[in-house]
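Here is the structure we will look at, set down as structure tokens.
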Amino acid sequence: MRSFFGEAEALRHIPLLSLAAALIPPLDNLSSKVLPVPLDNTELQMQELMDRRPCEVGQGCGSLSFLDLNRRRHAIEPRTGIEFPTILDNILDTQNNSSLASEVLVGTGSRTMKIIKIKSLKVYAFGFYIHPYSVCKKLGAKYASIPVDELNKHNELYQDLLSEDIGMTVRLVVNCNGMKVNTVRDAFEKSLRARLVKTNPNTDYRCLSTFGSYFTQDIPLPAGTIIDFQRTADGHLITKIGGNQIGAVHSKDLCRAFFDMYIGDFPVSEQTKEDIGRNVANIIRRC
């Protein structure tokens, strides 16, 4: 009993910064001796979902019609049970309900933090959205002839997704209480700086300072809070918390560094990265 209560007390005093650090993976392999460490992720296989539950998502990926996807339907991230809409309307074009201004869900995953030997904490779930028409326009001709089962293993595909002016969004949904905006800011800035150095050492790092300045308020992030990060085709990284835009940074380098955390080297979830590649390959096949 003493051991049990001791671990419960340790759990109660988890530092918020350590909790927020679980949001962002480092740019190298994590040691199993260092906390927090990621556990196995269980990601949603969008292809299976589309094949097995067409009533919820629309037509299967193999015959996907983006005009027919139901905006009111959701996909469920299985580890956390958090729902994500299959269609994300362009936040810059809310007056236009056209599918041309929308992004589609191509992968989900979750981030889990191990806090004591017998306890783990599901920190957040995320959904990755992409603009299908810009994918077709930018990458369709280059990759249309490559089979889907091979294309998602091509590292060049992910590099092209990052470097081309393709609209995409990462939606985070907080799954635990106790995080604050300033701790999330610190975690993001550390990872983004490392990835900016990797992608373009000569970049203007003021973009990172501007990005961090939007997280100055000590805003609590209770479970269920939605944080959207959207890259526009003209190179803006737009941040929204709870549906309210808190800032926008015009920097293609920052945009690339941010989404590199999810589809670049050492991503939040390698499995989700592969799922994203597979579903993008299906989009290209239908171009």
Side-chain angles (χ1 to χ4, degrees), residues 15-28 30 88 90-94 103 111 123-124 126-131 134 138 155 158-174 179-221 225-268 273 276:
L16 289 179
L17 185 57
S18 296
L19 185 60
L23 282 166
I24 311 300
L27 202 54
D28 49 15
L30 284 168
L88 197 63
N90 191 320
I91 59 176
L92 297 181
D93 194 11
T94 56
E103 296 175 351
R111 183 84 174 156
V123 181
Y124 71 91
F126 67 92
F128 195 101
Y129 295 81
I130 204 160
H131 194 283
S134 59
K138 299 289 185 178
N155 186 61
Y158 301 102
Q159 295 305 311
D160 284 342
L161 287 172
L162 291 169
S163 61
E164 294 288 348
D165 298 329
I166 296 173
M168 57 184 66
T169 298
V170 166
R171 168 166 289 189
L172 305 184
V173 181
V174 179
M179 285 193 292
K180 293 184 179 180
V181 167
N182 60 330
T183 54
V184 173
R185 175 200 63 210
D186 294 341
F188 271 118
E189 284 186 340
K190 181 178 180 180
S191 183
L192 287 173
R193 182 174 295 278
R195 291 174 190 270
L196 282 169
V197 169
K198 182 194 72 169
T199 57
N200 183 7
N202 298 319
T203 191
D204 184 351
Y205 290 92
R206 286 180 296 181
C207 64
L208 186 58
S209 300
T210 302
F211 175 78
S213 69
Y214 298 134
F215 297 85
T216 55
Q217 299 183 49
D218 192 18
I219 304 173
L221 301 175
T225 300
I226 295 174
I227 309 175
D228 287 327
F229 300 94
Q230 184 192 35
R231 181 178 80 171
T232 65
D234 61 353
H236 281 84
L237 181 63
I238 298 171
T239 304
K240 296 177 69 177
I241 297 179
N244 299 313
Q245 182 171 321
I246 65 170
V249 184
H250 188 202
S251 170
K252 291 188 177 183
D253 286 339
L254 183 64
C255 287
R256 177 167 183 166
F258 185 91
F259 288 90
D260 187 77
M261 293 188 293
Y262 295 89
I263 57 175
D265 296 333
F266 306 106
V268 172
K273 174 184 172 179
I276 292 168

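Sequential numbering from 1 along the given sequence is applied to the chain's residues.
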**OP:** Answer with yes or no after comparing the ring centroid distance for Tyr262 and Phe229 against a 6.0 Å cut-off, counting only values under it.
**Re:** no
Subject >> Verdict with reasoning, Leu88 to Gln230, per side-chain contact (heavy atoms from CB on, under 4.5 Å) >> reply: CA-CA 11 Å; Leu88 197 63; Gln230 184 192 35; over 6 Å; no
Original post:
If you measure from CG on Leu196 to OG on Ser251, what distance do you get to the nearest 0.5 Å?
Top reply: 7.0 Å
Subject >> Rounded distance (nearest 0.5 Å) linking atom OG1 of Thr169 with atom CD of Glu103 >> reply: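 So the OG1 of Thr169 and the CD of Glu103 are separated by 3.5 Å.
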Taking side chain as C-beta onward, heavy atoms only, is [X] less than 4.5 Å from [Y]?
{"X": "Leu161", "Y": "Phe259", "answer": "no"}
{"X": "Arg193", "Y": "Leu208", "answer": "yes"}
{"X": "Arg231", "Y": "Phe258", "answer": "no"}
{"X": "Ile227", "Y": "Leu221", "answer": "yes"}

Original post:
Does the side-chain contact (heavy atoms from CB on, under 4.5 Å) test come out yes or no for Asp265 and Lys198, once each step is laid out?
Top reply: CA-CA 10 Å; Asp265 296 333; Lys198 182 194 72 169; 3.7 Å; yes
**OP:** Taking Ser134 for its side chain and His131 for its backbone only, find out whether a donor-acceptor pair lies under 3.5 Å.
**Re:**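 It does hold such a pair.
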**OP:** Would you check if the side chain of Tyr124 reaches a backbone N or O of Arg111 as a donor-acceptor pair within less than 3.5 Å?
**Re:**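 Absent.
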Measure across [X] and [Y] and return the closest heavy-atom pair with its distance rounded to 0.1 Å.
{"X": "Ile263", "Y": "Lys273", "result": "O-CE, 3.3 Å"}
{"X": "Ser191", "Y": "Met261", "result": "OG-SD, 3.5 Å"}
{"X": "Cys207", "Y": "Leu254", "result": "O-CD2, 3.8 Å"}

Subject >> Test side-chain hydrogen bond (donor to acceptor under 3.5 Å, both in side chains) applied to His236 - qualifying residues, sequence neighbours left out >> reply: Asp234
Subject >> side-chain contact (heavy atoms from CB on, under 4.5 Å) evaluation trace for Ile246 with Phe215 >> reply: CA-CA 8 Å; Ile246 65 170; Phe215 297 85; 4.0 Å; yes
Subject >> Positive for side-chain hydrogen bond (donor to acceptor under 3.5 Å, both in side chains) with Asp228, one of Arg171, Gln245, Lys240 >> reply: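 Testing each of Arg171, Gln245, Lys240 against Asp228, the sole residue satisfying side-chain hydrogen bond (donor to acceptor under 3.5 Å, both in side chains) is Arg171.
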**OP:** Go through the steps for Asp253 and Tyr205 under the test side-chain contact (heavy atoms from CB on, under 4.5 Å), then give the verdict.
**Re:** CA-CA 9 Å; Asp253 286 339; Tyr205 290 92; over 6 Å; no
Subject >> Under-4.0 Å salt bridge between Asp165 and Lys252 >> reply: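 Between Lys252 and Asp165 there is a salt bridge, with a charged N closer than 4.0 Å to a carboxylate O.
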